[in-house]
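Have a look at the structure below, then the notes.
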Amino acid sequence: MIPWEEIDRAKVPGQDNDLVLRRRGEELSIRTGGTELMNSRVHGSEEALAGLALDRFPQRPGLKILVGGLGMGYTLAAALARAPRDAEILVSELIPAVVSWNRLYLGHQAGHPLEDPRVRVKQGDVAKEIQRDKAAWDAILLDVDNGPAGLTRKSNNKLYTRAGLRAGFQALVPGGILGVWSAGDDRTFTRRLDSCGFHTEVVPVRARAGGRGSLHRVWIAEKPGPPPLGSSG
Ligand SMILES: C[S@@+](CC[C@H](N)C(=O)[O-])C[C@H]1O[C@@H](n2cnc3c(N)ncnc32)[C@H](O)[C@@H]1O
């Protein structure tokens, strides 16, 4: 068996453990403190996050999509595959090394999504982007951790609180979609989304393409109302 080789590691602000990028043949892995956060061979549910959310939209001009975070770029690549030519996609990524690793080592795996002219990357907390403007996004795609019950970064829990979800609701245009990836189900979270005004569907998705692998969940939470004509309609 080919041994793992460390390619790079990075300090993560506010965390004791480094983020480590490793390679074994064609397979790439990002780990922290002994937990694998991402693996280049497992990305079916990350792609489904974008597919399930964006298939709700007809291909209309000027779609604005917020993706948080970048990871290995599979959600971003799946969003690009469905977005019109004049779409604008902002990727919010907390850890600068993740962005440079995508440019240096990972990009080819997902088809170099950062090189697409529709994409802008901003280093920082996606919560800040969500709070910035009202009715700014047609879709917000969140995959920043293990899901509503965060695993690696407690500070992300704020995204999934009532206040965090209300901010998401306000940041979307009417008819907009908040998509949330999770490693597992969470009925309290579904009820919380509904209580914030969303019409929510929880979709079970397999970790790997072709219906294989662990069962993950994607929440597709729609802000009721038709999208306004003009900005994105
Ligand atoms: C599981 S990965 C995302 C995987 C991605 N969907 C893909 O297709 O490869 C989570 C990413 O979110 C980033 N992240 C974590 N918290 C964040 C936050 N609050 N704002 C922006 N990015 C965040 C992490 O650094 C990591 O790159």
Side-chain angles (χ1 to χ4, degrees), residues 8-15 17-21 27-33 35-54 65-82 89-103 105-114 119-132 139-161 164 167-168 171 179-184 205 207-209 213-214 216-219:
D8 198 9
R9 61 173 57 222
K11 292 262 169 260
V12 179
Q15 248 179 246
N17 296 310
D18 287 354
L19 202 65
V20 182
L21 175 66
E27 185 181 1
L28 289 147
S29 160
I30 298 181
R31 297 166 72 87
T32 184
T35 304
E36 184 167 70
L37 300 179
M38 286 158 272
N39 184 298
S40 61
R41 291 170 63 178
V42 186
H43 45 84
S45 59
E46 286 81 356
E47 289 163 346
L49 167 63
L52 289 165
L54 301 182
I65 303 165
L66 173 63
V67 177
L70 174 61
M72 291 186 166
Y74 292 108
T75 301
L76 174 60
L80 283 164
R82 287 163 177 83
I89 305 186
L90 176 65
V91 183
S92 172
E93 170 54 53
L94 196 61
I95 302 173
V98 171
V99 178
S100 45
W101 291 349
N102 269 269
R103 295 198 199 282
Y105 310 111
L106 295 162
H108 63 287
Q109 300 264 8
H112 297 287
L114 290 183
V119 175
R120 197 160 53 92
V121 191
K122 206 162 160 188
Q123 192 256 309
D125 189 339
V126 68
K128 291 220 169 86
E129 297 307 322
I130 291 174
Q131 284 158 7
R132 197 175 302 282
I140 300 173
L141 307 178
L142 284 185
D143 179 11
V144 291
D145 213 309
N146 221 34
L151 176 72
T152 52
R153 184 169 288 278
K154 287 257 175 300
S155 61
N156 277 336
N157 291 345
K158 66 179 182 295
L159 286 163
Y160 309 114
T161 61
V180 179
W181 184 96
S182 174
V205 283
R208 292 170 186 265
S214 319
H216 296 159
R217 296 291 189 286
V218 168
W219 278 268

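We use all heavy atoms of the structure for the numbers below, so side chains are in, but hydrogens, waters and symmetry mates are not. Numbering of ligands and ligand atoms starts at 1, following listing order. Here the structure is a predicted model, which means the values were calculated and not measured.
Only one option out of Leu70, Leu76, Val67, Val126 pairs with Glu93 in a side chain to side chain contact (heavy atoms under 4.5 Å, CB included); it is Leu70.
Considering backbone and side-chain N/O atoms, Leu76 never comes within less than 3.5 Å of an N/O atom of ligand 1. Residue-to-ligand polar distances keep Val98 apart from ligand 1: every N/O pair is separated by 3.5 Å or more. For ligand 1, the polar-atom distance check finds no N/O of Leu159 at less than 3.5 Å from any of the ligand's N/O atoms. Checked against a 3.5 angstrom limit, the closest N/O atoms of Met72 and ligand 1 fall inside it. Considering both main-chain and side-chain atoms, Tyr74 comes within under 3.5 Å of ligand 1 through a nitrogen or oxygen pair.
Near Ile95, with a cut-off below 4.0 Å to any heavy atom, the atoms of ligand 1 are 25 (O). Counting atoms of ligand 1 from 1 in the listed order, those under 4.0 Å from a heavy atom of Asp125 are 18 (C), 19 (N), 20 (N). For ligand 1 and Gly124, the ligand atoms under 4.0 Å from any heavy atom of the residue are 20 (N), 21 (C). Near Gly69, with a cut-off below 4.0 Å to any heavy atom, the atoms of ligand 1 are 12 (O), 22 (N). Annotation for ligand 1: atoms under 4.0 Å from non-hydrogen atoms of Leu70 are 5 (C), 7 (C), 9 (O).
Heavy atoms of Ser92 come nearer than 4.0 angstrom to ligand 1 in at least one pair. Look at Gly73 and you'll find a heavy atom under 4.0 Å from some atom of ligand 1.
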Run the salt bridge (Lys or Arg N to Asp or Glu O under 4.0 Å) check on Asp18 and Arg31 step by step: do they pass? CA-CA 8 Å; Asp18 287 354; Arg31 297 166 72 87; over 6 Å; no
Could you walk me through whether Asn39 and Glu27 pass the side-chain contact (heavy atoms from CB on, under 4.5 Å) test, one step at a time? CA-CA 7 Å; Asn39 184 298; Glu27 185 181 1; 2.8 Å; yes
For the pair Asp143 and Glu46, evaluate side-chain contact (heavy atoms from CB on, under 4.5 Å) and give the outcome as yes or no after the intermediate values. CA-CA 8 Å; Asp143 179 11; Glu46 286 81 356; 3.6 Å; yes
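Comparing heavy-atom distances from atom 8 (O) of ligand 1 across Thr75, Ile30, Asp143 singles out Thr75 as nearest.
Take Asp8 and apply the salt bridge (charged side-chain N to carboxylate O under 4.0 Å, His left out) test, not counting sequence neighbours, and it matches no residue. Remark: Lys122 pairs with Glu129 by the salt bridge (charged side-chain N to carboxylate O under 4.0 Å, His left out) rule, at least two apart or across chains.
The proximity of Met38 to ligand 1, defined as any non-hydrogen pair under 4.0 Å, is limited to the side chain. With a 4.0 Å heavy-atom cut-off, ligand 1 is reached by no atom of Leu49.
In this structure, Trp181 and His216 have perpendicular ring planes: the angle between them is above 60°, well past the 30° mark.
Separating the CG atom in Asp145 from the CG atom in Asn157 is a distance of 7.5 Å, to the nearest 0.5 Å.
Proximity of a side-chain donor or acceptor of Glu47 to a complementary backbone N or O of Ala78 within less than 3.5 Å is not detected.
Side chains of Glu36 and Ser29: a donor on one and an acceptor on the other come within 3.5 Å.
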